[in-house]
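To start, the structure under review is shown below, and the notes come after it.
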Amino acid sequence: MHILIIEDDLDLGFALQRALQVEGVSSEWLRRVADVPLPFDDAAYDCVLLDLTLPDGTGLDLLRRWRRAGAAVPVIIMTARSALDDRLAGLDGGADDFVIKPFATAELLSRLRAVLRRYARQSSEVWRFGALSIEPRSYAASLDGAALELSPREFHLLLELAREPGAVVAKGVLAQRLEPLGDALDFGAVEVHVSNLRRKIGAERIRTVRGIGYLFAP
């Protein structure tokens, strides 16, 4: 899982990155609107933690711009503004959830997991797709009740595909998400990981969409 943090407060930014690292989640941290690359590649992130008040603009304007451009990445707004109008403006602007500063890191992580479950159309910490079960927090998966021995790359690949069952995930997106903080994997390596994962979970669960990428068919 790879998270984008947009927050100008140094102490909070460092604390968020440490907390995410403990959970096994990689992250990038930006402090200004101007630091966000254009065009914004929302497919590179699983979620965005967005501060409303930034030194050179507002997080709400940034969010609205993303949604107008079609960005579908989940967004959790972090703000010191507790007024109802501010919360409604954020939700109407495209936010998926809100946390009011100061907040406990544990609460934010819980909200993050809840948002990602909703995007994966799952209601619990264990994602179930027929005989296949995935536990994102435990980095574990099982098939017909038997634990699967997956490498870290294979597990992350399975998780990325399972987030959007029935949707095609481009090979280039997978290449970047499997190596979020470095150079994207070459397509040959992605194909090897897909082949190994198919062998372990059943070839029928991962379909190739020629010239585009892969589709998870639970």
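Numbering starts at 1 and runs along the sequence shown. Just so you know, these numbers use all the heavy atoms, side chains as well, and skip hydrogens, waters and symmetry mates.
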Does Arg64 form a side-chain hydrogen bond (donor to acceptor under 3.5 Å, both in side chains) with Thr58? I'd like the steps, not just the answer.
CA-CA 10 Å; Arg64 286 171 173 159; Thr58 73; over 6 Å; no
What verdict does the side-chain contact (heavy atoms from CB on, under 4.5 Å) test give for Val169 and Arg163, after you've listed the backbone C-alpha separation in whole Å, the side-chain angles of each residue and the deciding distance to 0.1 Å?
CA-CA 10 Å; Val169 184; Arg163 288 188 199 286; over 6 Å; no
Applying side-chain contact (heavy atoms from CB on, under 4.5 Å) to Leu112 and Leu20, what does each step give before you reach the verdict?
CA-CA 10 Å; Leu112 173 61; Leu20 290 170; 3.9 Å; yes
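By the 4.5 Å heavy-atom criterion applied to side chains, Arg153 and Leu185 are counted as neighbours. Put simply, the side chain of Val48 does not reach to within 4.5 Å of the side chain of Ile3, judged on heavy atoms. The side-chain heavy atoms of Ser27 and Leu16, taken from C-beta on, include no pair separated by under 4.5 Å. Within the 4.5 Å cutoff, the side chain of Asp41 has no heavy atoms near those of the Gln176 side chain. With a 4.5 Å cut-off on side-chain heavy atoms, Tyr214 and Leu161 count as touching. Contact check for Leu148 versus Leu132: side-chain heavy atoms found under the 4.5 Å cut-off. Looking at Leu63 and Ile77, their side chains come closer than 4.5 Å, going by heavy atoms from C-beta outward. Using a 4.5 Å cut-off on side-chain heavy atoms (C-beta onward), Arg65 and Leu38 make contact.
Summarising the geometry of Val73 relative to Asp42, their closest heavy-atom pair is N-OD2, 3.5 Å, with the distance given to 0.1 Å. Annotation for Glu135 and Phe155: closest pair O-CZ, 3.8 Å, computed over non-hydrogen atoms. Here the shortest heavy-atom pairing between Ala131 and Arg205 reads CB-NH2, 4.0 Å. Across Ile134 and Ala162, no two heavy atoms sit closer than the pair CD1-CB, 3.7 Å. Nearest heavy atom pair, residue Pro74 against residue Asp46, reads CD-O, 3.2 Å. Of all heavy-atom pairs spanning Ile201 and Leu143, the tightest one is O-CD2, 4.0 Å.
Atoms OG and CD, from Ser26 and Gln21 in turn, are 10.0 Å apart once rounded to the nearest 0.5 Å. Arg32 CZ to Ile6 CD1: the interatomic distance, rounded to the nearest 0.5 Å, is 12.0 Å. Atom CZ in Phe98 sits 5.0 Å away from atom CG in Leu52 (nearest 0.5 Å). Atom CG of Leu158 sits about 13.0 Å away from atom CZ of Arg198, to the nearest 0.5 Å. To the nearest 0.5 angstrom, Glu154 atom CD is 10.5 Å from Leu178 atom CG. The distance from the CG atom of Leu50 to the CE atom of Met78 is 7.0 Å, given to the nearest 0.5 Å.
Aromatic ring orientation, Tyr139 versus His156: perpendicular (interplanar angle above 60°, classes split at 30° and 60°). Note: Tyr45 and Phe40 have parallel aromatic rings, judged against thresholds of 30 and 60 degrees for the angle between ring planes. Classification of the Trp29-Phe14 ring pair by plane angle, with boundaries at 30° and 60°, yields perpendicular.
Under a hydrophobic-cluster definition in which Ile, Leu, Val, Met, Phe, Trp and Tyr are linked whenever side-chain heavy atoms come within less than 4.5 Å, directly or via other members, Val173 and Val168 are assigned to different clusters. Clustering ILVMFWY residues whenever any of their side-chain heavy atoms sit less than 4.5 angstrom apart, transitively, puts Leu215 in the very cluster that holds Ile212. Hydrophobic cluster membership is shared by Val33 and Val75, with clusters built from Ile, Leu, Val, Met, Phe, Trp and Tyr side chains linked at under 4.5 angstrom. In the hydrophobic clustering of ILVMFWY residues, with side-chain heavy atoms under 4.5 Å counting as a link, Leu49 and Phe103 come out together. Cluster annotation: Val99 and Val25 are assigned to the same hydrophobic cluster (Ile/Leu/Val/Met/Phe/Trp/Tyr, side-chain heavy-atom contacts under 4.5 Å, transitive).
Using a 4.0 Å cut-off between a side-chain N of Lys or Arg and a carboxylate O of Asp or Glu, Arg68 and Asp61 do not qualify as a salt bridge.
Val22 shares a hydrophobic cluster with no other residue; no ILVMFWY side chain has heavy atoms under 4.5 Å from its own.
No more than 12 heavy atoms of other residues, nucleotides or ligands shown are found within 6.0 angstrom of CD on Glu149.
With Asp56 contributing its side chain and Ala34 its backbone, the two residues share a donor-acceptor pair below 3.5 Å.
Sorted by first then second residue, the salt bridge (charged side-chain N to carboxylate O under 4.0 Å, His left out) pairs that include residues 97-116, not counting sequence neighbours, are Glu7-Lys101, Glu23-Arg113, Asp51-Lys101, Asp97-Arg111, Glu107-Arg111, Arg113-Glu125.
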